[in-house]
Amino acid sequence: MHISDGVLPVSVTLGGYAVSAALAAWSARRTTSDQLPKVAVVTSAFFVASLVHIPLGPTSAHLLLPGLAGALLGPVAFIAIGLGLLLQCLLFQFGGLTALGANALMMGLPAIACGWLFQALKGNTHMRHAAAGAAAGATGTAMAAVFLAGFLAAGGEDFFGVAKIAMAAHVPVIVIEGAVSALTIGFLFRVKPELLETGLVTPKKESHD
Amino acid sequence: MMRTSAIIFVLLVLLAAAPGPTCAQSPGETDCKAVTELLEKQNRQLSAELRQVRREIAALGARMDEPGIREVFAGIGYILGLFGAAALVAARRKG
């Protein structure tokens, strides 16, 4: 799910860049230094996940992982996704450099929303965590498809037509993402539950001395 | 008079019998057809092979467009490097 160069009108391109720059700055300000290794690992995972192709009959789709990134990072996910998309764009020629702002919004906003969703749903048990992870993973991809339709509608396409196609193409991805996120979060809950605490609750003020 | 017409007649017969480049005449006809058939057959074979080679080239081009292991590691390296630099700056600021 990437928007290519020249699909969007200039106003949407510039608006996308402006909004995603603001969100990236907000996201970067929320990052604490002890979170950096985790952010780096999730960014790498997000960057590589797009190469995991799932063959589906004649076509294939690839993992997107905005939901998992959001669940693991919370608001910081936006900067992880922006950086991952920038490198995918430069190294893999996925999407276009001019559409990067819109692409970052398309993936980053669902990630932030899924971060909130995950924090709201996760309880204290292993099962609740896995279920919340599944919900976040599935919702992230579904929301990204809706955002894609919204951006393409700005480019003059019919919103519901594109939304239907994007949803239909991503139903298997939504299911697989839900399963992958549930497994990952279930595993992390068992081995390192403190990784699942995101910076959503305002982190304790660090002493600067 | 009779002589010249006889010579012309003989010449005409000779011309008609000569194996010319056209396939209309009877003695060379079978040969010519066989050669044409052979050529057409070879032509068909060659164009089939050429199509296959074209297809292979297209597949190769498509595969070359896909990112390989080098791009993957380059990207991971960039990410870790950038976050390493960020951690360095954060640590400097703190210390």
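Chain naming here is simple, since letters A, B, ... match the order of the sequence lines and numbering starts at 1 in each. What's counted below: heavy atoms across the whole structure, side chains too, no hydrogens, waters or symmetry copies.
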query: Who are the salt bridge (Lys or Arg N to Asp or Glu O under 4.0 Å) partners of B/E37, not counting sequence neighbours?
result: none
field: Approximate separation, where rounding is to 0.5 Å, of B/E71 CD and A/F47 CZ
entry: 8.5 Å
field: Under 4.5 Å from a heavy atom of chain B, the part of A/L51 involved
entry: side chain
message: Determine whether A/I112 and A/W26 satisfy the following criterion, side chain to side chain contact (heavy atoms under 4.5 Å, CB included), listing intermediate values before the conclusion.
response: CA-CA 12 Å; A/I112 295 174; A/W26 173 71; 4.0 Å; yes
query: Which residues, numbered in order, of residues 39-57 of chain B come under 4.5 angstrom of chain A by heavy-atom distance?
result: none
- prompt: How many angstroms lie between CG in A/L105 and CD1 in A/I3, if you round to the nearest 0.5 Å?
  reply: 9.0 Å
- prompt: Any donor and acceptor pair, going by atom type alone, linking the side chain of A/T31 with main-chain N or O of A/S27 inside 3.5 Å?
  reply: yes
message: If we ignore hydrogens and angles and just use 3.5 Å, is the side chain of A/K38 paired with the main-chain N or O of A/L73 as donor and acceptor?
response: no
Proximity of residues 76-90 of chain B to chain A, residues having a non-hydrogen atom under 4.5 angstrom: B/I76, B/Y78, B/I79, B/L80, B/L82, B/F83, B/A86, B/A87, B/A90
- prompt: Which atom pair, heavy atoms only, marks the closest approach of A/A71 to A/Q119?
  reply: O-NE2, 4.2 Å
task: Output the residues of residues 78-94 of chain A for which the shortest heavy-atom distance to chain B is under 4.5 Å, in residue-number order; output 'none' if no such residue exists.
output: A/L83, A/L87, A/L91, A/F92
statement: Nearest heavy-atom approach of A/L121 to A/A132 is CB-CB, 3.7 Å
query: CG of A/D158 to CG of A/L152: how many Å apart, nearest 0.5 Å?
result: 11.0 Å
task: Carefully, step by step, assess A/V180 and A/E177 under the rule side chain to side chain contact (heavy atoms under 4.5 Å, CB included).
output: CA-CA 5 Å; A/V180 167; A/E177 293 243 338; 5.7 Å; no
